[in-house]
Amino acid sequence: MATKSTLTQHWNATSITFLVLSILGLLGTLAFNVIAAASGRDFLGDWFGSGPAVGSLGIDLLIVAIAGSVLIIVEARRLGMKRAWLYIALSALTAFAFTFPLFLTMRERRLVALSMG
């Protein structure tokens, strides 16, 4: 019986779903960040200074990102996943909409691996 390579093993529908969401999060935020940079916009000024509704959304996303970062650290330690801090650091360079589903992808794969022994 042939065994799967390390790159292709432990994938299931949940991990693939999270990976697709991660890619969509990267591409979606990248597109708008490029537009903002190309037009010389004040990114943080636009985010927090464009009225109460946008400010509310900014705080909402900030709190979710902080809670998600705590979850990343706690879950990674619990499951023995290494270098979890990279997901948080990478989110500062890309977007949490990319790194959080990416972490969930790798977490799901780890759970599958642990359940297989």
Check your understanding: Is a side-chain N or O of Arg41 found less than 3.5 angstrom from the main chain of Asn33, in a donor-acceptor match?
Key ->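 It does not hold such a pair.
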Point to revise | N/O donor-acceptor pair under 3.5 Å between Ser15 side chain and Trp11 backbone | key: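 Between the backbone of Trp11 and the side chain of Ser15 there is no qualifying donor-acceptor contact (under 3.5 Å).
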Any chain of hydrophobic side-chain contacts (each under 4.5 Å) joining [X] to [Y]?
| X | Y | answer |
| --- | --- | --- |
| Tyr87 | Leu27 | yes |
| Leu26 | Phe103 | yes |
| Leu71 | Leu111 | yes |
| Ile23 | Leu102 | yes |

Taking the side chain as C-beta and beyond, is there a heavy-atom pair between [X] and [Y] under 4.5 Å?
| X | Y | result |
| --- | --- | --- |
| His10 | Met116 | yes |
| Ile16 | Asn12 | no |
| Phe98 | Leu90 | yes |

Check your understanding: In Å, rounded to the nearest 0.5 Å, how long is the span from CG of Leu61 to CD1 of Ile66?
Key ->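 Spacing of CG (Leu61) from CD1 (Ile66) equals 11.0 Å.
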Practice item. Supply the atom-to-atom distance Leu19 CG to Arg109 CZ, rounded to the nearest 0.5 angstrom. Key: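 Interatomic distance, Leu19 CG to Arg109 CZ, rounded to 0.5 Å: 9.5 Å.
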**Study point:** Pairs satisfying ring pair (Phe, Tyr, Trp, His ring centres under 6.0 Å), at least one member in residues 18-39, at least two apart
**Key:**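 For residues 18-39, and leaving out neighbouring residues, there are no ring pair (Phe, Tyr, Trp, His ring centres under 6.0 Å) pairs at all.
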Check your understanding: For Trp85, what are the other residues in its hydrophobic cluster, where any two members join if their side-chain heavy atoms are less than 4.5 angstrom apart?
Key ->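 Answer for Trp85: Leu86.
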Exercise for review: Could you list the residues that satisfy salt bridge (charged side-chain N to carboxylate O under 4.0 Å, His left out) with Arg107, not counting sequence neighbours?
Suggested key: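 Testing Arg107 for salt bridge (charged side-chain N to carboxylate O under 4.0 Å, His left out), a comparison that skips the adjacent residues, returns Glu75.
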Practice item. With sequence neighbours excluded, tell me which residues meet salt bridge (charged side-chain N to carboxylate O under 4.0 Å, His left out) with Arg83. Key: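 Arg83 satisfies salt bridge (charged side-chain N to carboxylate O under 4.0 Å, His left out) with no residue once adjacent residues are dropped.
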Exercise for review: Using the test side-chain contact (heavy atoms from CB on, under 4.5 Å), find all partners of Ser69 that sit at least two apart in sequence or belong to another chain.
Suggested key: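 Ser69: side-chain contact (heavy atoms from CB on, under 4.5 Å) contacts with Ile88, Phe96.
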Point to revise | Leu114: side-chain contact (heavy atoms from CB on, under 4.5 Å) partners, not counting sequence neighbours | key: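 Partners of Leu114 under the side-chain contact (heavy atoms from CB on, under 4.5 Å) test: Leu79, Arg110.
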Exercise for review: Measure across Ser91 and Thr99 and return the closest heavy-atom pair with its distance rounded to 0.1 Å.
Suggested key: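 Closest approach of Ser91 to Thr99, heavy atoms only: CB-OG1, 3.1 Å.
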Exercise for review: Taking all non-hydrogen atoms of both residues into account, name the closest pair between Thr29 and Ala97 and its distance.
Suggested key: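 Where Thr29 meets Ala97 most closely, the heavy atoms are CG2-CB, 4.2 Å.
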